[in-house]
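We're numbering straight along the sequence, starting at 1. All values derive from a computational prediction rather than experimental measurement.
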Amino acid sequence: MRKRWSLWVPAVLLAGCGGRTVTDDLRDAAPGVDVLGDPDTGPLPPPSPPTPPPTPPPPTADVPLPPRDAPPTADAPLPPMPVPDGGPGVDAPTPVDTGLPPPPPPPPPPGPDLSGRWRAVAWESLGPPALRLTDRNTPIPDPMTGRATPLRANGVLNLATSRLSLAFGILANDHFYPYSDARTAEGFSAEGFTVPGRLDSRTGTFSIPGNPTPIRLQLQPDGRLVLDSPEDRTRVTLERAPVLVGLPELLLGGAAIVRDVARFVPLAHPRVALFWEVPTRDGRDGYNESYSAALTFTMGYAAFFITRAGPPPESARHRVGGSAVAVGWLGVYDDRDDSRTYNGADRLRTVSPIAIAWLAEGRSSAPGFEDLASGYNLVHQHPDYVTGTVGLTPFDATNPVSPDIPVPLRDADERLPDLLR
């Protein structure tokens, strides 16, 4: 897949998800017609005039009248009743102008609470050409060669009252992949972000400060959530995932992948490593290189495997927010002195946006770690605009992703992140 794709915010503070969607076009209905009579019967005849009541005979001397002040009897007519609508001899009530505005209409009933964790179950490109992927591998034929490639989507959306975080990607042959992008020249099929804002479950929106268009969260009758991106005509469908699932151990196959083999500047001694972050007493970060392996590139692709049966090294475990956590960064470096260990003589070529985070039993309340599940998490690492540090948003472990590393074409000034200092 070489088609550029993104969600509704490829650059989170530069694009929004407003505008009219497909569901808006279904709101108009044909007006109804009320039939008040049968046109075939013609006009009804006018009603007959009422029969006037009989005139009583005048009183005679043999019929005594009741006294003036005596109450009426059954044999005497009742006195006329006052007319309340301003008839003769009666003043109609005058309305009092209080000068107050009319009371506001009652607020609409609150909608379902959208906060919580949601997992992606489908991704669609509305085309043309149209394409639909699910969270399971779907063979997609290449229009040029006819050869089918299994593709799937994986993503997690975390919604809170004042915070939104996302990790999302598309995998081909169970791996993320690099591609050409007009903005960055080198794109990767995994994205993520963490932003502050305000969740309004009643209107189904999440508003980001400085962004005039909120993210629209369309709750469907079946309980799923739909997010449309008018910018590139894509749609993500998510379902609730109330139970966080982590991996009990590491048994992962990853790949270091080069986007453009022809322009790739090779490394003398390429190695891949998992660097566990180890804060030191002087406030600077050290790193435990618990895994390291030489890489052999074939047509821009080099496979590697990471296994670990137990928790991370003890030196990498730290108490954060009441729980023990560990963070490991994946990187590719040029082992220039061929020491098989990363040191000052070597050159770090890249750090993957895919990282490994571990959390002991329970949940962490520390900002930046609240999305982690117990055990190992494959996460997307990205700027966290809530904490001002590195954000870690887990992918869905129901069908785990791969710890892949996009390798840039040439050396850059790369350094390992420092999250735990």
Side-chain angles (χ1 to χ4, degrees), residues 6-18 113-120 155-169 188 190-217 225 227 229 236 238 240-242 244 246 277 279 283 285 318-329 351-359 362-374 377-396 415-421:
S6 68
L7 294 183
W8 62 96
V9 272
V12 65
L13 298 180
L14 300 181
C17 187
D113 184 10
L114 300 181
S115 62
R117 174 184 165 105
W118 301 77
R119 60 180 293 268
V156 168
L157 173 69
N158 299 283
L159 289 172
T161 303
S162 58
R163 176 179 177 273
L164 181 152
S165 68
L166 172 82
F168 185 86
F188 194 53
E191 295 183 349
F193 58 87
T194 301
V195 292
R198 183 176 63 86
L199 173 64
D200 189 339
S201 294
R202 181 179 57 84
T203 60
T205 57
F206 187 90
S207 301
I208 302 173
N211 191 340
T213 306
I215 297 174
R216 298 187 60 197
L217 310 166
L225 201 64
L227 292 88
S229 173
V236 179
L238 306 103
R240 281 200 179 274
L244 299 179
E277 191 171 334
D285 279 357
H318 309 278
R319 301 292 299 184
V320 177
S323 300
V325 300
V327 181
W329 312 107
V351 178
S352 176
I354 313 300
I356 297 175
W358 176 85
L359 177 68
R363 298 287 301 275
S364 175
S365 59
F369 295 92
E370 58 266 61
D371 297 333
L372 299 182
S374 296
N377 299 255
L378 286 170
V379 302
H380 190 278
Q381 61 105 349
H382 47 256
D384 186 333
Y385 294 96
V386 177
T387 63
T389 59
V390 179
L392 304 175
T393 303
F395 288 95
D396 182 18
R415 60 188 299 270
L416 293 168
D418 48 359
L419 177 61
L420 297 176
R421 66 175 179 177

*Which heavy atom in Ala120 sits nearest to a heavy atom in Phe168, and how many Å separate them?*
CB-CE1, 3.9 Å
*asked:* If I take atom CG from residue Leu114 and atom CZ from residue Phe206, how far apart are they, to the nearest 0.5 angstrom?
replied: 11.5 Å
*Distance (rounded to the nearest 0.5 Å) between Leu164 CG and Ser207 OG*: 11.0 Å
*So do Phe369 and Val327 actually touch side chain to side chain, heavy atoms under 4.5 Å?*
yes
*Would you give the length of the straight line joining atom CG of Leu378 to atom CG of Leu392, rounded to the nearest 0.5 angstrom?*
12.0 Å
*Using side-chain contact (heavy atoms from CB on, under 4.5 Å) as the criterion, list what pairs up with Ser115, not counting sequence neighbours.*
Asp113, Leu199
*asked:* Pair Leu157, Leu225 - check side chain to side chain contact (heavy atoms under 4.5 Å, CB included), show working.
replied: CA-CA 10 Å; Leu157 173 69; Leu225 201 64; 4.2 Å; yes
*Shortest non-hydrogen separation from Phe395 to Gly169 and the atoms involved*: CE2-N, 4.1 Å
*Considering non-hydrogen atoms only, spot the tightest contact between Asp396 and Arg119 and give its length.*
OD2-NE, 2.7 Å
*Gap between atom CH2 of Trp118 and atom CG of Leu166 - 0.5 Å precision*: 14.0 Å
*Determine the minimum heavy-atom distance between Gly197 and Pro209, stating which atoms define it.*
CA-CD, 3.9 Å
*Between the main-chain N or O of Ser352 and the side-chain N or O of Gln381, is there a donor-acceptor pair closer than 3.5 Å?*
yes
_Distance-minimising heavy-atom pair for Pro417 and Val351_ = CD-CG1, 4.1 Å
_Sole residue of Thr387, Asn158, Thr194, Asp371 in side-chain hydrogen bond (donor to acceptor under 3.5 Å, both in side chains) with Arg163_ = Asp371
*Rounded to the nearest 0.5 Å, what separation is found between the CG atom of Asp384 and the OG1 atom of Thr393?*
7.5 Å
*Grab the two heavy atoms, one from Ala373 and one from Leu359, that are nearest each other, plus how far apart they are.*
O-CB, 3.5 Å
*asked:* If the test is side-chain contact (heavy atoms from CB on, under 4.5 Å), which one of Leu227, Leu238, Thr205 qualifies with Leu217?
replied: Leu227
_Euclidean distance, Tyr385 OH relative to Ser165 OG, rounded to 0.5 Å_ = 14.0 Å
*Can you name the residues that form a side-chain contact (heavy atoms from CB on, under 4.5 Å) with Arg319, not counting sequence neighbours?*
Ala324
_Using the rule side-chain contact (heavy atoms from CB on, under 4.5 Å), only one of Leu372, Ile356, Ile354 pairs with Val379; which is it?_
Leu372
